[in-house]
Amino acid sequence: MTQELDRPVEAVSGLPDFWPEAQEIIKSAPIGLLATTEGLQPHVRPVAPAYVGLHAYVLTSVQTPKLEQIRTNERVELLHWSVDFHHLNLTGVADVTEDEAEIAAVAAHFPYAVDDFFGPDLRAPALIKIALRRISITTFNDIIASKRPRIWRATD
């Protein structure tokens, strides 16, 4: 995993051809909405993910209900919606870890200083690692015009 984090995103193969546009949406709207489920009930909450290659990472408290929701149903979705009405949906399979080395390896990729948010004790948070399986971009104008979103799906 550390090798993946050390490579520039542009060097990762398999990213969609519209990934630079996706990065611009993420940059303009760094707070995404993470959807999980509990039984048949969806839950959506704001998060500030880091993106490395074909993975999204979310740091969170070990006491949050979303961890048990992910352990029960690993399928999640992230949404970034920019002020100019670009929608970026990222669907994937999530896994949860409290491994200090993995958390430390990804910490520099977050859009905030991890220590400022969680304090210097990196053992407190859990890391949600999402293997991205589907990425789509659309705009409000495209939706109104009945244009289909641009969609990328993982090949493996």
Side-chain angles (χ1 to χ4, degrees), residues 1-82 86-137 151-156:
M1 183 190 108
T2 304
Q3 290 176 342
E4 177 183 290
L5 294 174
D6 292 338
R7 288 187 302 185
V9 171
E10 294 76 22
V12 176
S13 63
L15 287 167
D17 59 356
F18 55 79
W19 189 245
E21 184 180 347
Q23 288 178 302
E24 287 302 315
I25 294 169
I26 293 165
K27 188 176 178 181
S28 70
I31 304 299
L33 299 174
L34 174 67
T36 60
T37 60
E38 185 172 19
L40 297 176
Q41 179 63 50
H43 294 273
V44 178
R45 76 266 295 153
V47 294
Y51 293 92
V52 180
L54 294 172
H55 290 89
Y57 298 89
V58 174
L59 273 177
T60 190
S61 166
V62 294
Q63 299 174 344
T64 181
K66 66 182 160 278
L67 298 185
E68 187 56 36
Q69 293 162 6
I70 288 169
R71 289 181 180 116
T72 302
N73 181 354
E74 63 191 6
R75 295 178 184 183
V76 300
E77 186 164 6
L78 285 160
L79 167 69
H80 291 270
W81 187 21
S82 66
H86 280 77
H87 305 182
L88 174 64
N89 291 75
L90 305 113
T91 304
V93 178
D95 188 30
V96 177
T97 184
E98 294 176 39
D99 180 83
E100 293 177 41
E102 194 164 1
I103 292 170
V106 76
H109 295 274
F110 284 95
Y112 55 87
V114 172
D115 283 350
D116 291 347
F117 191 74
F118 287 100
D121 184 5
L122 287 180
R123 290 174 295 161
L127 182 68
I128 300 169
K129 179 180 180 179
I130 304 166
L132 300 175
R133 310 302 302 154
R134 181 181 186 278
I135 302 171
S136 68
I137 289 182
I151 299 174
W152 168 90
R153 288 183 174 85
T155 56
D156 54 36

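Computed from a predicted model, the values in this text were never measured in an experiment.
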* To do: Could you walk me through whether Tyr51 and Leu90 pass side chain to side chain contact (heavy atoms under 4.5 Å, CB included), step by step?
  => CA-CA 11 Å; Tyr51 293 92; Leu90 305 113; 3.5 Å; yes

* Asked: Taking only residues at least two apart or on different chains, which pairs with a member in residues 51-73 satisfy salt bridge (Lys or Arg N to Asp or Glu O under 4.0 Å)?
  -> none

* Would you mind listing every salt bridge (Lys or Arg N to Asp or Glu O under 4.0 Å) that reaches into residues 17-37, with sequence neighbours excluded? =>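 Every pair satisfying salt bridge (Lys or Arg N to Asp or Glu O under 4.0 Å) with a residue in residues 17-37: Glu21-Arg150.
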
Are the side chains of [X] and [Y] in touch, meaning some heavy atoms are under 4.5 Å apart?
X	Y	answer
Glu77	Leu33	no
Ile70	Val76	yes
Ile103	Tyr57	no
Arg133	Val93	yes
Ile151	Phe18	no
Ser28	His86	no
Phe110	Leu59	yes

Nearest atoms (heavy-atom pairs only) where [X] meets [Y]:
X	Y	value
Pro111	Pro49	CD-O, 3.5 Å
Asp99	Thr97	N-OG1, 3.0 Å
Ile128	Ala94	CG2-CB, 4.0 Å
Ala126	Glu98	CB-CG, 4.0 Å
Ala154	Leu132	CB-O, 4.0 Å

Distance-only donor-acceptor hits, side chain of residues 39-48, under 3.5 Å, sequence neighbours excluded:
{"residue": "His43", "atom": "NE2", "partner": "Glu38", "partner atom": "OE1", "Å": "3.3"}
{"residue": "Arg45", "atom": "NH1", "partner": "Thr36", "partner atom": "OG1", "Å": "2.7"}
{"residue": "Arg45", "atom": "NH2", "partner": "Gln69", "partner atom": "OE1", "Å": "3.2"}

[atom1] of [X] to [atom2] of [Y]: how many Å apart, nearest 0.5 Å?
X	Y	atom1	atom2	result
Ile137	Trp152	CD1	CH2	12.5 Å
Leu127	Glu102	CG	CD	5.5 Å
Arg134	Arg153	CZ	CZ	5.0 Å

* Donor-acceptor contact below 3.5 Å, side chain Trp19 vs main chain Gly53 ->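 It does not hold such a pair.
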
Could you list the residues that satisfy side-chain hydrogen bond (donor to acceptor under 3.5 Å, both in side chains) with [X], not counting sequence neighbours?
X	result
Asn73	Thr37
Trp81	His87
Ser82	Asp84

* Please test Leu88 against Leu79 for side chain to side chain contact (heavy atoms under 4.5 Å, CB included), starting from the C-alpha separation and ending with a verdict. => CA-CA 6 Å; Leu88 174 64; Leu79 167 69; 5.8 Å; no

* Structure fact -> Which of Thr91, Asn89, Ile130 passes side chain to side chain contact (heavy atoms under 4.5 Å, CB included) with Leu78? It is Ile130

